[in-house]
Amino acid sequence: MASITRTKNGFRIRVSVVDNGARKWHTTTFVPKASTPAAARKEAELHAQLLEQKFRAGTKYDGAGMTFDQWVAIWEKDKGFGGAIEEGTRENYLDNIRLHVSPAFGQIQISEIEPLRLRALRDDLINDGKAPATVRKIFAAASGVFECALEAGTIRSNPCRGVRLPKQRTSRDLHYFTAEQAAAFLEACREQEPYQFYVFYLLAIYGGFRRSEILGLTWDDINYEERTVSIAKAVTRVKSGTKEKGPKTEAGRREISLPAACFDVLRQLRAEQLRTMLQHPEFKDQNFLFTQANGSRMDLSTPSHKFLKIVGKYNATHKEAEQLPCITLHDLRHTSATLLIAGHVDIETVSHRLGHSKASVTLDIYAHAMEETDRSAADYLNGVLKNARKA
């Protein structure tokens with residue numbers, strides 16, 4: 001039975017057929033020639049009947065003549081992006097398509113886009129310096145459009161499946177500070193920059209928090225008595241600016257213990273904010289830990305830019321052997337996890353602090369640190385048994 005829905009310019013028709021025991025749905029748009037609503041509806045119903053007959057007979061779907069961009073619009077509606085997924089994620093999907101895929105294939109009929117063309121797109125993205133994870137995200141979005149056309153019977157296969165994508169970074173590709181480097185970085189930050197940046201990076205290292213989680217913190221999330229920080233929200237960028245969102249998984253909602261020294265610097269930061277509010281009327285206290293000059297939440301890009309500036313300035317004044325590695329802000333999270341594992345903290349605890357849904361995720365990411373810990377354990381046992389034999 002066909003499903004016929006009135007749209008702004010015509011009708012959206014969905015029909016289904018059973019192919020090898022599996023039901024497949026086919027979607028198309030239809031613009032009637034009739035001028036009255038009743039006649040237009042009848043015309044659409046007749047078109048739907050003809051489509052059903054074609055599908056049962058194995059005739060190629062009419063939608064094969066539609067362009068890739070036209071299928072993007074259908075895909076967006078079919079997936080219910082309006083409310084099915086978080087707004088920032090939806091915009092990322094569509095932005096990846098519009099920025100990287102549509103310029104190459106937007107006006108080409110979707111049935112004519114073959115794996116060879118997509119391999120060329122992959123190579124162009126890699127040559128432009130896109131990270132493997134970015135290339136994979138772009139192709140994941142494009143693949144969703146092709147899957148939509150495949151389900152509708154427009155194409156026989158998803159051409160993205162014929163493209164070998166660059167491998168994700170492994171645990172050995174992760175970058176991080178050693179304990180000595182982390183201490184040197186924090187000291188440089190405290191000397192060079194406003195105090196709130198020192199506090200920001202201190203939380204990143206001690207708590208292993210994501211940038212978006214730190215910027216989502218308010219003073220209500222700080223429990224001085226229990227010495228915990230509550231992570232219950234994060235900040236994401238959307239076209240209208242920024243907005244708060246909940247954690248991706250329930251494990252992302254967590255309370256993390258920090259040492260007393262961290263709460264001393266948090267108290268000092270709050271006192272500094274209150275003084276600023278009294279001295280500068282334009283500063284409106286909105287309860288955010290990290291702020292702009294007017295009291296609004298710090299922009300998402302600011303911590304990353306400041307981080308690179310601090311590392312660059314530090315390295316410019318130190319010998320090569322003493323310089324800090326050129327890592328990213330997110331690598332402070334890796335620094336936290338790696339130092340914890342090196343300190344023999346159990347993997348379940350590390351996983352909880354990072355907000356991972358499973359300890360196996362943590363093990364996969366930080367296999368390098370576990371290998372080092374395993375070697376330390378072997379050396380420890382060797383020393384214990386040697387001493388036992390001597391005794």
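Closest approach of Arg254 to Leu354, counting heavy atoms only: NH2-O, 3.6 Å. The shortest heavy-atom contact between Arg253 and Ala232 is NH1-O, 3.5 Å. Of all heavy-atom pairs between Leu329 and Ser304, the closest is CD2-OG, 3.5 Å. The two atoms that bring Cys262 and Leu202 nearest to each other are SG-CD2, 4.0 Å, heavy atoms only.
Residues passing the salt bridge (charged side-chain N to carboxylate O under 4.0 Å, His left out) test with Arg190, sequence neighbours excluded: none. Taking the ring pair (Phe, Tyr, Trp, His ring centres under 6.0 Å) definition, one finds that Phe197 meets it with nothing, sequence neighbours left out.
Among residues at least two apart or in separate chains, there is no ring pair (Phe, Tyr, Trp, His ring centres under 6.0 Å) pair with a member in residues 121-143. Residue pairs meeting the salt bridge (charged side-chain N to carboxylate O under 4.0 Å, His left out) criterion with at least one member in residues 335-352, sequence neighbours excluded, do not occur.
A 4.5 Å side-chain heavy-atom check between Trp219 and Leu269 finds at least one atom pair inside the cut-off. Between Lys306 and Tyr201, some side-chain heavy-atom pair lies under the 4.5 Å cut-off. Two residues are said to be in side-chain contact when any heavy atoms from C-beta on lie closer than 4.5 Å; Ile256 and His352 meet this criterion. Arg161 is listed as a side-chain neighbour of Leu150, based on a closest heavy-atom distance under 4.5 Å. Side-chain contact between Arg227 and Leu258 is absent, with no heavy-atom pair separated by less than 4.5 Å. With a 4.5 Å cut-off on side-chain heavy atoms, Ser336 and Tyr206 do not count as touching. Counting heavy atoms from C-beta on, the side chains of Thr302 and Phe290 never come closer than 4.5 Å. No side-chain heavy atom of Thr338 sits under 4.5 Å from any side-chain heavy atom of Thr178.
Tested against Phe105, the residues Val145, Val72, Ile113, Ile110 include a single side chain to side chain contact (heavy atoms under 4.5 Å, CB included) partner, Ile113.
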Return all side-chain donor-acceptor pairs below 3.5 angstrom for residues 309-316, not counting sequence neighbours, or 'none' if the list is empty.
residue : atom : partner : partner atom : Å
Asn315  : OD1  : Leu324  : N            : 2.7
Asn315  : ND2  : Leu324  : O            : 3.0

Would you mind writing out the side-chain donor-acceptor pairs for residues 275-284 within the sub-3.5 Å range, not counting sequence neighbours?
residue : atom : partner : partner atom : Å
Thr276  : OG1  : Glu272  : O            : 2.9
Lys284  : NZ   : Pro281  : O            : 3.4

**Asked** Given Lys42 and Glu45, is the salt bridge (charged side-chain N to carboxylate O under 4.0 Å, His left out) satisfied, shown in steps?
**Response** CA-CA 5 Å; Lys42 286 185 177 180; Glu45 290 173 353; over 6 Å; no
**Request:** Apply side chain to side chain donor-acceptor pair (under 3.5 Å) to Ser143 and Asn158, showing your working.
**Result:** CA-CA 7 Å; Ser143 182; Asn158 182 341; 2.9 Å; yes
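Atom NZ of Lys137 sits in a sparse spot, with 12 or fewer heavy atoms from other residues, nucleotides or ligands closer than 6.0 Å. Heavy-atom contacts from other residues, nucleotides or ligands closer than 6.0 Å to NE2 of His305 number 12 or fewer.
Between the side chain of Glu112 and the backbone N or O of Gln109 there is no donor-acceptor pair closer than 3.5 Å. In this structure a side-chain-to-backbone donor-acceptor pair under 3.5 Å is missing from Asp123 to Ala120. In terms of modelled atom types and a separation under 3.5 Å, the side chain of Gln286 and the main chain of Arg297 share no donor-acceptor contact. Put simply, the side chain of Arg119 never gets that close to the backbone of Arg164: no donor and acceptor are under 3.5 Å apart.
With a 6.0 Å cutoff to the six-membered ring centre and a 45° limit on the axis angle, Arg333 does not count as a cation-pi contact of Phe209.
Hydrophobic clustering keeps Leu339 apart from Leu186 (ILVMFWY residues linked when any side-chain heavy atoms are closer than 4.5 Å, directly or through intermediates). Criterion: ILVMFWY side-chain heavy atoms under 4.5 Å apart, direct or through other members. Under it, Val345 and Leu203 are not part of a common hydrophobic cluster.
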